[in-house]
Amino acid sequence: MKELNRTYDPSREEEIYSRWLSKGYFRAKVNPDKTPYAIMIPPPNITDKLHVGHALNNTIQDIIIRAKRMQGYETLWLPGTDHAAISTEVQVVKAIAKEGKTKESMGREAFLERVWEWQKEYGGTIVNQLKKLGSSCDWDRERFTMDPGLSDAVLEAFIRLYDEGKIYRGERLINWCVKCQTTISDAEVEHEDGEGRLYHFKYNVVDSPDTIAFATTRPETMLGDTAIAVHPEDPRYTALIGKSVFVPIVNRQIPIIADTYVDPEYGTGAVKVTPAHDPNDFEIGERHNLPRINIMNDDGTINQNGGPYQGLTREAARTRIIEEMNEKGLYIKTETITHAKGTHDRCNVIVEPLIKLQWFVRMEELAKPALEAYTSGKLKFNRERFGKVYQHWLEIIRDWCISRQIWWGHRIPAYYCTAGHVTIAKAPPTACATCGDTKLKQDEDTLDTWFSSALWPFSTLGWPQKTPDLEYFYPTNVLVTAPEIIFFWVVRMVFMGYKFMGEAPFTDVVIHGIVRDDQGRKMSKSLGNGIDPLEIVEKYGADVMRLTMVNGNAIENDTRFYWERVEFSRNFMNKLWNASRFVLMNLDEETANEPPVALEDRWITSRINALTKEVTEKLDSHELGLAAQKIVDFIWDEFCDWYVEIVKPRLYANKNGDAGPEALASRRSAQATLRTTLITALKLLHPIAPFITEDIFLALQSEEETIMLSLWPAHDDTQADPAAEKAIETVKEAVRAIRNIRAEKQVPPAQKISVIIQPSDPSAQELYTGSKGFIGFLANASAVEVRVSNSDIAAPEGNKDVVSTVLSNATLYIPLEIDTEKEKARLTKERQKLQQELARIEGKLSNQGFVGKAPASLIAEEREKQQMYAAMLEKVEAELAAL
RNA sequence: GGGCGCAUAGCUCAGUUGGGAGAGCGCCUGCCUUACAAGCAGGAUGUCAUAGGUUCAAGUCCUGUUGUGCCCACCA
């Protein structure tokens, strides 16, 4: 038999992983004989370094894919990375800044070359880190969102959508980041409540002594005011509608208009209207044909429309305007309020609404099938609440601004001639499609990163080509991601999937929570509270990391990171390792597989059969935390603490094979059960802890070359043995009772005791007779005597010094010196407990409602318990009387 | 402002068709028992936030309240 090292060495993981790689176990093939099962990795950004969030996300995916692989599916877990347009560009801009360069000074081409260099150098970092986690991705199929193939898919999708009128170019108010100098989508704007100031001013009504008061949080936008709006039915203002007010800072007269958007109850009931810098005002402007005066440059400074304020930053302009209004006697007051500020999620700078000519995806039609997929139940979320988020987002969806004013990304395939006609083409066209002009200029903008990510589930499989991969693996099965990605990505993948493939890209979405620090805070760079998963892998191994990520957690909830939990996982691996060493030490070369015969063997076989069923179900429903916990509990508690201990006498007593053929046969069957049980447990654990299970598996058997591709245990109802389970439970109860007495009486471990068991009935007598060998071993008793069941001798005659305790199917007597008073107190307590239980049951059974409406099986169960407790109570009374 | 979570043992959390409250860590006691002291055995600890309701039966379903967290949102 092979041997295992004295302690488990997680540094062996690397060697095991390279073996799997070289054997090609992760590789997926198009195999018509098998059912495909595919997961597309949420591609990490090339700017990312592996953090705990990735560790959790990828652990979940690997657990699912490894289980499915063992269950006989043709599994594909496709890995890759995302070009992360803005993040990457920001990083590279920083890098070149150190060399005194800027994007502009380098020029577009040179800059992009530089980004590609950066990508080659750092883009693979996270991929290599994923390997350290044990991820069983098909690395031959690794993709990058800016691969030639994927880039082609992006252009293809753009052109098709454009041709259908689903992509258009238009002037809209968009979110502008003055720092990154680009538009950003609504989803990229973070809203945060913060303290702000609400400034109250008034404008003079032209040709009238009246003034109109209003309030604003952004006084600088007064430069772009083109109206004052009031509610049409507001009696305070009806007379003024149609008149004008004078905006002093820019010497402009603007009309007073009526619009129902204005809430007469709020503030003064009058609103300044700046169509070029506020979404609501933009709409009011549309309705009333107001001019849109853009007052801001792309960098956030005031432009020529700001007159004397030109060149000032938005903040400085604000201060000066307040001053000027004050000088003119038009300033009223300033209030401190809390209000939401929109900031860019990448750089935290306040977003400025600006009017720009941008590219948009028309969402109304595209959203319909995506919404229907959820409402009809075709697309399932692991929790309904996540589905509601998805649904809600689709219901309020607005057109998607997809153009970005940055260089790193897929350049928009639009070419403009001198006359301004647009030609859309994959490759630069030679002439304008409208007028034939040959002087063409490509659109400067690139596409939102999420445009390419939205195509990920099929672009990675070769779309728009009709590849065998695409045919076989699409649609994929499950998508695993974090909740904040639902609208960025999940929604967009689904509608693109319907648009181009005719069906949703996956059937199940598993949303998981985030890993927080031990105080419940988000891990962040600024707090410095991040945990490096690689540090854990380095120190404890990936198995420990992986188990810690999922064990006992409901994955949809946030979890806190505790080193104590890491240590628990480490302790568990150690336990498993040592138990396996024990099993190996006690197997013989000739140990064969044989069916369980002995009660305890049937018990553990029945138990692991039940475990198999449970774990398979929990994995199927993606309740990985529960699955992990069940396996851990089984291995540690039932297998190690009970079964291994129970069979020790059978293994030890016949070590030399000289205790007779019957004893040898008993040893052999114990060995067989030990091994098969352990192997099954290893298989169930393998998706969670792939490395240690492989090592042990290879030592335990020689038929198969890896546990990875071994067959998932089938649960088999014929293996269920409720009678054996119940029997062993009562034996455990007896052992615990004896141990308890030993502890209570402080019997030193070296002191052997003897135990007398008085069974209540013949079947109990048979049970204890058959089990007395290991009962003695487990309870550290030198002799166990099982009496005849119907003998009514209360206590061993002639000896007053006996501790007695009543079990459900027997009474135990342990000859020990006793303190009569203490014994009385103990038995009285037992009696009280039984009386309480009986009272509870009798209360239930005498309740007409319960007897009339509860299921018959439950009532029968209660009656059974009632009888059992009554019998036990009688015995306790007898023991008390005998004292 | 709207929506969605969470509140269970000292701490962190499980508990998915409603049927006698669980784990890990921590704590107390005793053990280096030849697989494992990263271990073994034994033990203590809960008005399952709060007030109602539905039910024979509620940690579990419904409503209100309080505390707490997240997401969404154009109220000047």
Side-chain angles (χ1 to χ4, degrees), chain A residues 4 6-8 173 186-187 189 191 198 214-218 221 229 261-263 266-274 278-283 339-340 342 353 383-386 388-389 392-393 396 483-484 486-487 513-514 518 520 522 551-554 556-562 564-565 567-586 621 623 625-626 629 632-633 637 640-641 644-645 648 652 735-736 739-744 746-750 777-780 837 840-841 844 847-855 857-859 861-862 865:
Chain A
L4 294 175
R6 228 184 121 64
T7 53
Y8 180 63
L173 200 70
D186 292 340
V189 180
H191 294 273
L198 183 63
F214 59 90
T216 180
T217 53
R218 299 191 301 155
T221 62
Y261 161 76
V262 181
D263 177 3
Y266 189 89
T268 62
V271 181
K272 66 191 265 315
V273 183
T274 323
D278 182 277
N280 295 312
D281 295 6
F282 181 85
E283 283 172 23
H339 72 127
R383 283 292 179 278
E384 205 189 323
R385 62 185 148 106
F386 297 126
K388 283 185 179 159
V389 172
H392 177 70
W393 183 258
I396 62 160
E484 69 264 24
I486 293 175
F487 17 86
I514 63 168
D518 58 2
K522 251 184 178 166
N551 188 23
N553 283 118
E556 70 276 13
N557 291 342
D558 290 357
T559 82
R560 294 192 194 195
F561 183 90
Y562 280 92
E564 286 87 340
R565 295 192 48 216
E567 276 166 23
F568 173 79
S569 304
R570 188 266 317 257
N571 294 353
F572 171 73
M573 296 305 163
N574 183 250
K575 185 75 186 177
L576 172 63
W577 186 256
N578 280 298
S580 304
R581 276 177 61 221
F582 173 84
V583 170
L584 279 164
M585 284 162 143
N586 287 282
S621 55
E623 294 171 285
L626 279 176
Q629 196 169 41
V632 168
D633 285 351
D637 182 46
C640 293
D641 290 346
V644 166
E645 295 303 318
K648 271 179 181 174
Y652 289 165
V735 170
R736 283 201 197 97
R739 285 171 174 171
N740 181 292
I741 286 165
R742 286 194 69 116
E744 238 174 60
Q746 302 193 329
V747 181
F777 181 81
L778 293 173
N780 197 11
E837 281 304 303
R840 191 189 61 78
I841 294 171
K844 247 182 170 176
N847 180 339
Q848 283 309 316
F850 179 76
V851 182
K853 292 187 177 172
S857 61
L858 190 71
I859 297 169
E861 214 174 284
E862 292 291 330
K865 280 185 207 160

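Computed from a predicted structure; not experimentally measured. Sequence lines set the chain letters: A, B, ... in the order given, protein chains first and strands last, and positions in each chain run from 1.
For A/Lys648, the side-chain hydrogen bond (donor to acceptor under 3.5 Å, both in side chains) test picks out A/Glu645, with sequence neighbours left out. Judged as a side-chain hydrogen bond (donor to acceptor under 3.5 Å, both in side chains), and not counting sequence neighbours, the contacts of A/Ser621 are A/Glu623. The ring-ring contact (aromatic ring centres under 6.0 Å, His included) check on A/Phe582 picks up nothing, with sequence neighbours excluded.
Each of A/Lys648 and A/Thr559 was matched to the nucleotide of RNA chain B holding its nearest heavy atom; the match closer to the 5' end belongs to A/Thr559. Along RNA chain B, the nucleotide nearest A/Phe582 and the nucleotide nearest A/Arg385 are compared for position; the residue whose nucleotide lies closer to the 5' end is A/Arg385.
Spacing between B/A7 and B/G15 at atom C1', rounded to whole Å, works out to 15 Å. Of the C1' atoms belonging to B/A44 and B/A58, the separation is 28 Å, rounded to the nearest Å. A gap of 16 Å separates the P atoms of B/C62 and B/U55, to the nearest Å. Rounded to whole Å, the separation between the P atoms of B/A73 and B/C11 comes to 37 Å. Rounded to a whole angstrom, the distance from the C1' atom of B/U45 to that of B/C25 is 14 Å. Nucleotides B/G46 and B/A14, compared at atom C1', are 15 Å apart to the nearest Å.
The side chain of A/Ala554 lies closest to B/G15, out of B/G15, B/A38, B/G19. Between B/A14, B/G19, B/U12, one nucleotide has an atom nearer to the side chain of A/Phe850 than all others, and that is B/G19. Residue A/Asn553 has its side chain nearest to B/C13 when only B/C13, B/G19, B/A35 are considered.
Using a 4.5 Å cut-off on side-chain heavy atoms (C-beta onward), A/Leu4 and A/Ser580 make contact.
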### Message
Across nucleotides 71-76 of chain B, 5' to 3', mark each nucleotide with B, S or - according to how protein heavy atoms within less than 4.0 Å reach it.
### Response
SSBBBB

Table of protein N/O atoms under 3.5 Å from nucleotides 58-64 of chain B N/O atoms:
none

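An OP1 or OP2 oxygen of B/C4 is reached within less than 4.0 angstrom by no side-chain nitrogen or oxygen of A/Arg383. Phosphate proximity of B/C13 to A/Arg560: present, with a side-chain N or O under 4.0 Å from OP1 or OP2. Of the side-chain N and O atoms in A/Asn571, one or more sit less than 4.0 angstrom from OP1 or OP2 of B/G39. Contact check, A/Asn557 against B/A14: a side-chain N or O comes under 4.0 Å of OP1 or OP2.
A donor N or O paired with an acceptor N or O is not found under 3.5 Å between the base of B/A41 and the side-chain atoms of A/Arg739. At a cut-off of 3.5 angstrom, counting only N and O atoms as typed in the model, there is no donor on one side facing an acceptor on the other between the side-chain of A/Lys388 and the base of B/C4. For A/Glu645 against B/A41, no side-chain N or O and base N or O form a donor-acceptor pair under 3.5 Å.
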### Secondary-structure string, 5' to 3', Watson-Crick or G-U under 3.5 Å, | for another-strand partners, for RNA chain B
(((((((..((((.....[..)))).(((((.......))))).....(((((..]....))))))))))))....

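We find that OH of A/Tyr562 is positioned 10 Å from P of B/C11, with the value rounded to whole Å.
When each of A/Lys575, A/Arg581, A/Met573 is checked for a side chain to side chain contact (heavy atoms under 4.5 Å, CB included) with A/Trp577, only A/Arg581 meets the rule.
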### Test log, rule side-chain contact (heavy atoms from CB on, under 4.5 Å), inputs A/Arg218 and A/Thr274
CA-CA 10 Å; A/Arg218 299 191 301 155; A/Thr274 323; over 6 Å; no

